[in-house]
Amino acid sequence: MLKALDDDGRLIWASDAINGDNYYCPFCHSKLLIRNGTLKRNHFAHQKKACHSFSEGETVEHLQGKMALAKLFERDGYGTEIESYFPELRQRPDIVIQKNFQKGIIEFQCAPVSVSKMRARSKGYKKAGFKFLWILGQQYLLKKKMTQQIAKFLKWNRSQGYYLIYYLTNKKIFRVFYNIQQTDYLPLKYKIVDFSTVTALKEFLTSNNNFEFCKISQNERIIQANFFEKDILRSQGNFRSLQIRCYLRKQSLETLKPLLFAGRYSPPIYAVKELYWKTDFIYLKKLNNTSERDLYWKIILEHQKYLFETPLLNVNRIADLQVREMNSFVDKQGS
C-alpha cells in the first residue's frame, strides 16, 4: 500500500512517512506498519491480513510504477487517488485520475491476468461511466509474435492503428507500440515511440496521422511462398487437417495460393494463419446457396476460434471488413 491515513486523517505517501508516527488503512482503519527496503519501494503493510479491500504482495515494478504514474498525471494537472476501493464495482483500480470534474481509471498491469477477469473489470468501469486505460508492464512487451496474453489489451484509433501502451519503470518512460499489423509467415510489423510526460503521450494518441497497412514487398512474398511450400510438404498438425479438408472439398492449396496471400498486412487479431479462414471463404463463396450476407457472417462467426480474444476491439466489425476485402480480391482475381 502506497498511501495511508495519518492521525489527522490526511493521506500520506509511504515515501514521506516518518518512522514512529501512526498510519492507518484508508479502508479498514487498522494500524499499519511502514516497510522500508533497498529491494522494494517504501510501502505500508497490515499487521494482520484481515483487510478484504486491499491485497498485498505486489511486485516491485507494480509498486514503483503506480507511484511514478500517479506523479506523472499530477504534473499534468490531474488529481490522483491510489488504491481507492469502489464497493459497487467490487474493484480497486490502481489509480483514479480526475480533471475538470471528470474521473478516469488507470490500470497498470504487470502480473498475468485472464481474459475473463480483464474483460469483467473493463465492463465494470464502462458500465459505471468511467473512461479507463490499461498500461502494461515489462512482462507484456511485444516481440516478434502476437500472443493472447498481449492481444487482449490491443486498442485502435484512426491515427495510430492498433497500439499498446507501456510504462517502463526502469527507464521512467511511456513506450507505445503502434501501427501493429501481421501477415502469414512473417514477423509482426510495428513502430515504437517513447514519451516522458502524459502531455506528450496524449498529443501523440490524438494526432491527425492516417494509419495504413503496409504493402507486402516482393522479398516478403518470396519468404511467404517458401514457408507455404514447406508446410505443404511437411503436412503436420493443423495444416494437415486443412489439407484433408481441402481434399474432401476438391480444393487444391497450390492452386489457391494466389488467393491466400493479400497485397498488404492485416489487423493483429488472428491467433492462427489467415490462410485457414481464407480457404474456407473461397469454398463457401463458390456454393450457389450461400448469399453474400450469409457468407460474411458465417466466416466471422465460425472463425472466432481463429481469432484472439480482444475485449477492447470490435472484432466482428474488423472481421466483416476483412471478409469484404477478401470478397473483392477474389472477384478481381477471377475476372
Side-chain angles (χ1 to χ4, degrees), residues 1-3 13-17 35-44 56-83 93-97 99 104-113 118 121 131-157 159-182 187-207 209 211 268 312:
M1 187 181 295
L2 298 177
K3 280 187 174 181
W13 284 100
S15 56
D16 298 327
R35 300 290 192 194
N36 302 311
T38 55
L39 295 178
K40 200 164 188 175
R41 172 76 67 173
N42 291 1
H43 62 282
F44 298 105
E56 297 177 16
E58 296 178 88
T59 64
V60 176
E61 181 188 14
H62 196 229
L63 285 166
Q64 290 179 342
K66 282 198 301 186
M67 181 179 286
L69 285 167
K71 290 183 177 179
L72 282 169
F73 277 93
E74 286 171 3
R75 286 176 199 162
D76 199 48
Y78 289 85
T80 66
E81 299 173 30
I82 291 184
E83 299 156 351
D94 288 328
I95 308 169
V96 179
I97 59 174
K99 194 173 188 179
I105 302 294
I106 303 295
E107 286 284 10
F108 181 47
Q109 194 63 40
C110 298
V113 62
M118 179 264 181
R121 295 194 72 134
K131 289 186 177 181
F132 58 93
L133 180 65
W134 290 89
I135 297 178
L136 307 178
Q138 286 276 148
Q139 178 171 322
Y140 290 95
L141 276 176
L142 192 59
K143 296 179 182 176
K144 291 184 179 181
K145 186 178 179 182
M146 182 61 69
T147 65
Q148 178 60 75
Q149 184 186 40
I150 299 172
K152 61 179 172 282
F153 297 106
L154 277 169
K155 293 197 69 177
W156 181 89
N157 68 30
S159 297
Q160 319 309 338
Y162 298 90
Y163 68 93
L164 298 160
I165 302 174
Y166 297 83
Y167 183 72
L168 307 183
T169 55
N170 58 334
K171 297 180 181 292
K172 299 181 179 179
I173 57 170
F174 292 104
R175 176 161 291 175
V176 182
F177 286 68
Y178 67 105
N179 281 9
I180 305 171
Q181 46 199 289
Q182 67 180 34
L188 274 179
K189 193 179 284 287
Y190 51 78
K191 297 179 181 178
I192 300 174
V193 63
D194 294 338
F195 302 102
S196 58
T197 67
V198 172
T199 299
L201 175 64
K202 285 171 57 182
E203 287 176 352
F204 174 74
L205 293 176
T206 55
S207 60
N209 300 324
F211 165 73
L312 305 180

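The figures that follow rest on heavy atoms only: side chains count, while hydrogens, waters and symmetry mates do not.
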What is the distance from atom NE2 of His62 to atom CD of Gln139, rounded to the nearest 0.5 Å? 12.0 Å
Rounding to 0.5 Å, atoms CZ (Phe73) and OG1 (Thr199) come to a distance of 10.0 Å
Apply salt bridge (Lys or Arg N to Asp or Glu O under 4.0 Å) to Glu107 and list each qualifying residue two or more places apart in sequence or on a separate chain. Arg121
I want to check something: taking the side chain as every heavy atom from C-beta on, are Phe153 and Leu136 in contact at a cut-off of under 4.5 Å? yes
Applying salt bridge (Lys or Arg N to Asp or Glu O under 4.0 Å), name anything that partners Lys189, two or more places apart in sequence or on another chain. Glu220
Kindly indicate whether the side chain of Leu154, heavy atoms from C-beta on, has any atom under 4.5 Å from the side chain of Leu312. no
Please name the pair of heavy atoms, one in Cys110 and one in Gly137, separated by the smallest distance, quoted to 0.1 Å. SG-CA, 4.3 Å
Side chains of Leu164 and Val176: closer than 4.5 Å at any heavy-atom pair? no
Can you name the salt bridge (Lys or Arg N to Asp or Glu O under 4.0 Å) partners of Lys202, sequence neighbours left out? Asp76
With side chains defined as the heavy atoms from C-beta onward, is the minimum distance between Ser207 and Gln160 less than 4.5 Å? yes
Can you pull the salt bridge (charged side-chain N to carboxylate O under 4.0 Å, His left out) pairs that have at least one residue in residues 137-154, sequence neighbours excluded? none
Over 12 non-hydrogen atoms of neighbours within 6.0 angstrom of NZ in Lys99: yes
First locate atom CG of Leu72, then atom CG of Leu201, and finally report the distance between them rounded to the nearest 0.5 Å. 10.0 Å
Hits for side chain to side chain donor-acceptor pair (under 3.5 Å) against Tyr140, two or more places apart or cross-chain, chain-then-number order -> none
Just jot down the side chain to side chain donor-acceptor pair (under 3.5 Å) partners of Glu74, sequence neighbours excluded, or say none. Thr80
Value for CD1 (Ile106) from CD1 (Ile82), rounded to nearest 0.5 Å, stands at 11.5 Å
Can you name the residues that form a side chain to side chain donor-acceptor pair (under 3.5 Å) with Asn157, not counting sequence neighbours? none
Are Ile135 and Asp94 packed together at the side-chain level, in the sense that at least one heavy-atom pair is separated by less than 4.5 angstrom? no
Closest contact, heavy atoms only, Lys66 versus Phe108: N-CD2, 4.1 Å
When you measure from the side chain of Gln109 to the backbone of Ala111, do you find a donor-acceptor pair of N or O atoms at a distance under 3.5 Å? yes
Please list all pairs passing the side-chain hydrogen bond (donor to acceptor under 3.5 Å, both in side chains) test where one or both residues lie in residues 163-179, with sequence neighbours left out. Arg175-Asp194
Do Leu168 and Leu141 have side chains that get closer than 4.5 Å, going by heavy atoms? yes
Taking only residues two or more places apart in sequence or in another chain, which ones pass side chain to side chain donor-acceptor pair (under 3.5 Å) with Thr206? none
Rounded to the nearest 0.5 angstrom, the CG-NZ distance for Leu205 and Lys155 is 8.5 Å
Do the side chain of Gln182 and the main chain of Met146 share a donor and acceptor less than 3.5 angstrom apart? no
Distance col, row Ile180:CD1 vs Trp156:CH2, nearest 0.5 angstrom, shows 14.0 Å
Could you go through Ile105 and Val96, starting from their C-alpha distance and side-chain angles, then the distance that decides it, and tell me whether this counts as side chain to side chain contact (heavy atoms under 4.5 Å, CB included)? CA-CA 5 Å; Ile105 302 294; Val96 179; 4.0 Å; yes
